[in-house]
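What follows is a short report on a single structure.
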Amino acid sequence: MSKIALVTGANQGLGFALAEGLARRLGPGDVVYLTGRDAGRVAEAKERVSGAKAEVRARLLDVGDADAVAAFARELRDRHGGVDIVFSNHYLRTVPQDVPAEVIDAYVDVNNLGTTRMTRAFLPVLRQGGRFVVVSSSLGRLRELPEELRPRFDEAETPEQIDAIMLAWRDAVREGRAEQEGWPAFINIPSKVGQVAAVRAVARRRRAEDLAHDRLVVAVCPGMIDTASSRPWFDMTGAQTPEQAAVALLDLALEPGFDPAFYGELVRFGKVLSWP
């Protein structure tokens, strides 16, 4: 049976490296959907793919549009019988000059609600042996938050509860209450914690069935990558290229079998990063 793969945020950086890597490592008859929220950039990215063995299809997919995400999942179900590999990789970047209160609405909508929209739409059509990978960060560990905030995430049992927490944080940032409530000033931290918490919540409900059918749901930290998103914030000395960072993620998605300890956790370079 042909393999069907999907990458969000795939027109540049790590997302492009993942889409190109899938296209090179999968075979004839397989299909890689290279997606993003700008049709022109997605089409241009498809033309840059080299060495592809699988077919690459450029598709517009805005993870901020719940109806569009759900419709695309139904399309893959009807056309292919489902999907085998999903890299939920989209990211709305910010720069240090941004005012958090002015960007937080779009930031949460894409980076957090976009992640849970992808899980709701595509996990039901993930085929046996499938891999659903949420690209996150080591900043998504609970330890990155003050102790008083940690129980909100640690005790949440469903993705819907995580969404509610992220929306409440969004409102606090928008209304200037976040610092008083103890939230980190760097909005990337609560957002990444929310992503990992959402993976943990959805995995809790699916674990037994997924493991019985060789399906993996996992968050991954790709390590430091020299991209336009990272350069304004971090020292890039020793950082990986997107192509280098993609290797471990592609291995996780493509190699047969996986360590059951990875399921529902945050993984970096083949090791589980502790949640607390």
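In what follows, residues are counted from 1 in the order of the sequence shown. Side chains are part of it too, since the values below use all heavy atoms of this structure and drop only hydrogens, waters and symmetry mates.
Scanning both residues, F153 and I165, for their nearest heavy atoms gives CZ-CG2, 3.6 Å. Minimum heavy-atom separation, L216 to Y263: CD1-CA, 3.8 Å. Across every non-hydrogen atom of V95 and P232, the tightest pair is CG1-CG, 4.2 Å. Here the shortest heavy-atom pairing between A73 and A121 reads CB-O, 3.2 Å. Considering all non-hydrogen atoms of both residues, F87 and A253 come closest at CZ-CB, 3.7 Å. The shortest heavy-atom contact between A54 and V31 is CB-N, 4.5 Å.
You'll find the side chain of V83 reaches within 4.5 Å of the side chain of L126, heavy atoms only. Residues P276 and R150 fail the side-chain proximity criterion, which asks for heavy atoms closer than 4.5 Å. Side-chain contact between Q128 and M1: absent, with no pair of heavy atoms (C-beta onward) separated by less than 4.5 Å. The shortest distance between side-chain heavy atoms of L6 and M118 falls below 4.5 Å. Two residues are said to be in side-chain contact when any heavy atoms from C-beta on lie closer than 4.5 Å; V63 and V110 meet this criterion. Contact check for L14 versus N89: side-chain heavy atoms found under the 4.5 Å cut-off. Using a 4.5 Å heavy-atom cutoff, the side chains of R174 and D171 are in contact. You'll find the side chain of F186 stays beyond 4.5 Å of the side chain of T94, heavy atoms only.
The backbone N or O of G129 sits less than 3.5 Å from a side-chain atom of R131, completing a donor-acceptor pair. Here the side chain of Q180 pairs no donor or acceptor atom with the backbone of R177 at under 3.5 angstrom. T119 places a side-chain N or O within donor-acceptor distance of the main-chain N or O of T116, the cut-off being under 3.5 Å. At least one donor-acceptor pair closer than 3.5 Å links the side chain of D84 to the backbone N or O of I4. Between the side chain of Q195 and the main chain of S137, no donor-acceptor pair closer than 3.5 Å is present. In terms of modelled atom types and a separation under 3.5 Å, the side chain of R141 and the main chain of S138 share a donor-acceptor contact. Between the side chain of N112 and the backbone N or O of S191, at least one donor-acceptor pair lies under 3.5 Å. E20 places no side-chain N or O within 3.5 Å of a backbone atom of F16 that could act as its donor or acceptor partner. Here the side chain of R206 pairs no donor or acceptor atom with the backbone of G264 at under 3.5 angstrom. No donor-acceptor pair under 3.5 Å is formed between the side chain of S88 and the backbone N or O of V133.
Between F122 and F72, the ring planes lie perpendicular to each other; the angle is over 60°, past the 30° to 60° tilted range.
The environment of CD in E147 is sparse: at most 12 heavy-atom neighbours from other residues, nucleotides or ligands sit within 6.0 Å. For Q244, the CD atom counts as densely surrounded, since its 6.0 Å shell holds more than 12 non-hydrogen atoms of other residues, nucleotides or ligands.
Counted by atom type alone, S230 and R93 present zero donor-acceptor pairs between their side chains at under 3.5 Å. A donor and an acceptor atom, one from each side chain of T158 and R205, are nowhere located under 3.5 Å apart.
Each of L61, L60, T35, L34 was evaluated against V42; a single residue qualifies, L34, per the side-chain contact (heavy atoms from CB on, under 4.5 Å) test.
A salt bridge links D109 with R117: at least one charged nitrogen is closer than 4.0 Å to a carboxylate oxygen. Ion pair R215/D210 flagged as a salt bridge, since at least one NZ, NE, NH1 or NH2 atom sits closer than 4.0 Å to an Asp/Glu carboxylate oxygen.
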Practice task
For the pair R127 and D214, evaluate salt bridge (Lys or Arg N to Asp or Glu O under 4.0 Å) and give the outcome as yes or no after the intermediate values.
Solution key: CA-CA 9 Å; R127 298 198 290 203; D214 188 34; over 6 Å; no
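Atom CG of D67 and atom CG of D62 lie 11.5 Å apart (nearest 0.5 Å).
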